[in-house]
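What follows is a set of notes on a single structure, which appears directly below.
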Amino acid sequence: MSVSRTASEPVSIGATIAVRVLLFASYAEALGRESLELTLAAPANVASVLRALSAMPGGDRLPQRPLCAVNLAHSRPDAPLTEGDEVAILPPVAGG
């Protein structure tokens, strides 16, 4: 089987996106850093980031569904990501 393509068609096989991840408080302590760059297979979403973080040393200390924000807006795990997005993993806030 052959596939014909024109020069202007994007190639998506093996495509990746890079995102910046911000970690705060106990999450930063668990992973030993406050920020990192992740390269993910496209298409990617917030859940992709959470899976990548949980595979890192200390990632087992993160909850399965922490609060997350993409580009300063609260986001669900199925929120899609694009190249250059900033994903913040937010610990619960306690106050009184």
Side-chain angles (χ1 to χ4, degrees):
M1 178 174 148
S2 68
V3 177
S4 65
R5 304 181 62 86
T6 63
S8 62
E9 291 181 15
V11 176
S12 63
I13 297 173
T16 60
I17 64 166
V19 298
R20 178 175 169 81
V21 179
L22 303 177
L23 301 161
F24 299 94
S26 61
Y27 299 163
E29 290 177 22
L31 286 134
R33 60 185 79 191
E34 295 178 347
S35 67
L36 64 141
E37 302 290 327
L38 281 179
T39 300
L40 304 164
N45 57 24
V46 171
S48 305
V49 170
L50 296 174
R51 279 192 300 274
L53 293 176
S54 69
M56 297 175 64
D60 59 333
R61 293 170 50 193
L62 297 178
Q64 288 188 340
R65 294 189 67 166
L67 293 174
C68 298
V70 176
N71 300 327
L72 302 177
H74 284 274
S75 298
R76 296 169 31 133
D78 61 350
L81 299 175
T82 59
E83 177 75 22
D85 279 346
E86 183 176 79
V87 180
I89 312 301
L90 307 167
V93 177

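Values in this document were obtained by computation on a predicted structure and should not be read as measured data. No hydrogens, no waters, no symmetry mates; every other heavy atom, side chains included, goes into these values.
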### Message
Quick one, F24 and S35 - any side-chain contact, counting heavy atoms below 4.5 Å?
### Response
no

### Task
Start with the C-alpha distance between I17 and L38, add both sets of side-chain angles, then the distance that settles side chain to side chain contact (heavy atoms under 4.5 Å, CB included), and finish with yes or no.
CA-CA 8 Å; I17 64 166; L38 281 179; over 6 Å; no

### Query
For P80, which residues count as a side-chain contact (heavy atoms from CB on, under 4.5 Å) partner, sequence neighbours excluded?
none

### Partners passing side-chain contact (heavy atoms from CB on, under 4.5 Å) against P77 (at least two apart in sequence or in another chain)
A47, R65

### Message
Suppose the criterion is salt bridge (charged side-chain N to carboxylate O under 4.0 Å, His left out): which pairs have a residue in residues 21-42, not counting sequence neighbours?
### Response
R20-E37

### Summary
Those residues at least two apart in sequence (or on a different chain) that pass side-chain contact (heavy atoms from CB on, under 4.5 Å) with S48 are L40, A44, N45, R51

### Message
Going by side-chain contact (heavy atoms from CB on, under 4.5 Å), L36 matches just one of L31, L53, L22. Which one?
### Response
L53

### Summary
Here the salt bridge (charged side-chain N to carboxylate O under 4.0 Å, His left out) pairs for residues 70-79, sequence neighbours left out, are R76-D78

Let me check something: any side-chain donor-acceptor pairs from residues 81-93 under 3.5 Å, sequence neighbours excluded? List them with distances.
unit_1, atom_1, unit_2, atom_2, d
T82, OG1, D85, OD1, 3.3
T82, OG1, D85, OD2, 3.4
E83, OE1, A18, N, 2.9
D85, OD1, N71, ND2, 2.8
D85, OD2, T82, N, 2.7

#### Entry: For C68 against L50, the heavy-atom pair lying closest together
SG-CD2, 4.1 Å

